[in-house]
Structure formats: C-alpha cells, structure tokens
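Computed over heavy atoms, backbone and side chain alike; hydrogens, waters and symmetry mates excluded. First listed ligand is number 1; within each ligand, the first listed atom is number 1.
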Amino acid sequence: MDRQPKPEFFHILRTQQFDRAILDELCDLTTAIRKFAKTREGLNYLRGLLAHKRAMLYFTQPSTRTFLSFNNACQILGIQTSEIRDASTSSEVKGESLLDSLRTFSSYVDVVVMRTKEEGLAESAAELFDHIKRRVPIVNAGSGRDQHPTQALLDIYTLERSFKEMGGIDGKTIGMMGDLRRGRTVRSLCYLMKNYRNMRLVFIAPEQFQMEDDIKIHLQHHGVEFHETKDLNSALPELDAIYITRIQDEYDKSGESKGVDLGKFKFGTEHLKMMKPHGVIMHPLPRREEIHTDVDIDPRAKYWRQERNGMWMRVAIFVKQFKMDHLIMHGHLLD
Ligand code: ASP
C-alpha cells in the first residue's frame with residue numbers, strides 16, 4: 001500500500017498543514033493534560049516535563065490572550081521564557097534584519113513563538129531555520145491579516161467539546177460574522193473545515209468585509225458548502241455555532257471601516273431565543289460592541305471558556321512539538 005509519510009509536527013505556520021488525525025490527536029491530548037492539571041501531583045509532573053527547554057516569545061503586534069496563554073503554557077510545562085514585545089527595544093532599530101534577529105534567538109532557545117503585523121514572516125523564519133544547523137521550531141501566533149493557526153486549534157477544541165454529545169463537529173452549520181475579510185481567526189478556521197464531514201458555513205458580513213476569494217476558492221475546491229448573507233436574524237435559526245469577530249480597523253489604509261454600517265452585525269440578548277438550544281456562541285476576543293455583555297451569562301456563550309481552552313491547547317502544542325505526548329497519553333496519573 002502507498003503510505004504517505006505523516007506530516008511533521010514541527011513548525012506551526014498555517015492551518016492548511018493539519019489533517020483530521022492531528023486535530024483529533026491534539027484535542028485528546030489537551031483533554032488529557034487538563035485531567036493532569038486537576039491535581040497537585042499532576043501539575044508537578046507537567047512542570048517537570050519540559051523544564052529543560054527555553055522559549056522565545058517575540059510579539060511585536062499587540063496581544064493580551066495569545067501572549068499570556070503561551071506564557072502560562074510555558075510556565076505549566078516548566079519552559080523558561082524570554083520575550084520581546086516591541087521591536088523598538090531590539091537590535092532591529094540598529095538596522096538588523098528581522099531574520100538575523102530570529103537567527104539570534106535560535107542560538108539561545110528551543111522554540112520561537114512569533115506574532116507580527118506582517119504576513120508571511122513566520123514562514124520566512126521557518127525557511128531560514130530549516131537551513132541552519134540549529135533547527136528550532138517556529139510557532140505562528142498571528143501573522144497580520146492572514147493566519148492565526150493556534151487560535152484555530154483552540155477553536156476546534158472548543159467546538160469539539162461543545163458538540164461532544166452531538167456527534168462532534170461533523171455535519172454542523174457554523175456562522176461567521178464580522179470582519180471576515182481581515183479576520184485571521186476566521187480565515188484560519190475556514191481552512192480546517194475540509195477535515196470534517198458535511199460542514200456548512202454561513203458568512204454574515206457587510207459587503208465590504210465579506211470573506212476573501214482565496215478562502216472561498218479553497219472551500220469550493222474541498223466541497224465545503226457555504227453561503228453569504230447580510231441578515232443575521234434569518235441565518236441564526238439554522239446555525240449550530242456562531243463565531244463573531246470584531247472589525248479589524250488596525251489594517252485600515254484610509255479609514256474604510258468608518259463608512260461601514262455595523263449596526264446589523266451585533267449579537268444581543270434578543271438573538272438568544274433565535275438560536276438552537278444547543279447553539280454555541282464564540283468570539284476570539286477582544287470584543288467591542290459586537291456581543292452585548294448581557295449575553296455572557298447564557299450557557300451557550302463559550303468565549304471565556306474558549307480563552308481558557310487556548311492555554312491548554314498551547315500546552316498540548318508544546319508537548320506534541322517536543323514529542324512528550326506519549327508520556328501524557330500513557331501516563332499513570334490518568335489511571
Ligand atoms: N485576538 C484575535 C487575533 O489576534 C482576534 C482579534 O484581535 O480580533 O486575531
């Protein structure tokens with residue numbers, strides 16, 4: 001039989017690199033890690049697991065959750081961290097290229113996690129690292145408008161958990177609302193949909209912020225059904241989940257967001273009764289006004305849980321990347 005080699009779980013650059021097997025594996029690993037973390041003994045075990053590793057957190061684009069959850073994931077595993085959160089404090093101001101700076105990081109650490117406002121830098125860094133002696137993995141923690149692969153993994157985990165009693169993610173209808181054109185979280189999540197059976201997507205956005213053609217072509221190519229609408233109310237009853245995003249106006253070139261009427265793309269308590277009883281409300285956060293805070297107490301609002309899931313999924317990513325997953329999955333502490 002013609003066996004394809006298993007894709008390497010080394011650099012994490014874009015969600016197209018993941019197949020169903022790895023998604024399922026990461027979800028199971030995350031659940032197992034959460035079980036470990038329930039006891040002091042388990043937490044102590046986790047803290048020793050990667051105590052011999054060091055990570056660089058290079059975050060030159062603003063971040064609260066992704067930075068903190070990576071940082072805390074490192075702490076959970078005993079990984080020591082160094083960080084740069086502002087390029088103006090690095091030798092880039094002396095004219096050093098980012099790639100030379102990254103190469104410097106690779107001299108000191110075992111993994112580089114990077115968030116940049118530019119697209120494609122994580123890929124360039126990975127290419128560079130693939131050709132130097134000290135090959136260190138790169139984790140893309142957000143690359144401009146393009147991708148946010150670890151967010152998509154935690155989103156999958158949140159969906160998986162939410163639909164656990166309903167046959168998992170397969171066959172579900174997922175709505176995505178907001179700035180779909182420039183929202184890297186929804187873009188990354190869309191690329192994962194081909195791994196699930198009979199998925200349907202509904203893109204709810206003003207015309208100016210509808211999903212880009214590259215994603216639509218990808219979905220068509222993989223037979224993932226989707227349609228576009230501006231009408232939240234008529235879409236809601238058919239959705240199993242709605243994933244809401246904010247307007248990404250930091251990417252405005254000439255204030256184009258200001259002219260767009262967003263009034264109809266907000267989720268309030270009046271929408272709760274239009275949703276299925278098992279429906280799921282997600283948001284990558286930070287939110288502005290696109291979800292009213294009164295929605296937070298509804299059990300279907302999963303965004304705060306989604307945030308916490310992010311930390312555990314990032315623990316799982318490091319565990320898998322450093323090939324320690326067998327110690328978790330077959331660990332005696334789970335007995
Ligand atoms: N935190 C997410 C991101 O970094 C969503 C957002 O900023 O709107 O893309």
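- Side-chain N/O atoms of Ser188 and Gln147 include a donor and acceptor closer than 3.5 Å.
- Through side-chain heavy atoms spaced under 4.5 Å, either directly or across other Ile, Leu, Val, Met, Phe, Trp or Tyr residues, Ile297 is tied to no other residue.
- Salt bridge status for Glu238 with Arg200: present, with a side-chain N to carboxylate O gap under 4.0 Å.
- Residues meeting the ring-ring contact (aromatic ring centres under 6.0 Å, His included) test with Tyr157, sequence neighbours left out: none.
- Applying the side chain to side chain donor-acceptor pair (under 3.5 Å) criterion to Asp24, with sequence neighbours excluded, gives Arg20.
- Taking the six-membered ring where the residue is Trp, the centroids of His283 and Tyr243 are separated by 6.0 Å or more.
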Could you go through ligand 1 and note, for every N or O atom, any protein N or O atom closer than 3.5 angstrom, writing the atom names and distance to 0.1 Å, or 'none'?
{"residue": "ligand 1", "atom": "1 (N)", "partner": "Leu285", "partner atom": "O", "Å": "2.9"}
{"residue": "ligand 1", "atom": "4 (O)", "partner": "Arg115", "partner atom": "NH2", "Å": "3.2"}
{"residue": "ligand 1", "atom": "4 (O)", "partner": "Arg184", "partner atom": "NE", "Å": "3.4"}
{"residue": "ligand 1", "atom": "4 (O)", "partner": "Arg184", "partner atom": "NH2", "Å": "2.8"}
{"residue": "ligand 1", "atom": "7 (O)", "partner": "Arg246", "partner atom": "NH2", "Å": "2.9"}
{"residue": "ligand 1", "atom": "8 (O)", "partner": "Arg246", "partner atom": "NE", "Å": "2.8"}
{"residue": "ligand 1", "atom": "8 (O)", "partner": "Arg246", "partner atom": "NH2", "Å": "3.4"}
{"residue": "ligand 1", "atom": "8 (O)", "partner": "Gln248", "partner atom": "NE2", "Å": "3.0"}
{"residue": "ligand 1", "atom": "9 (O)", "partner": "Arg184", "partner atom": "NE", "Å": "2.8"}

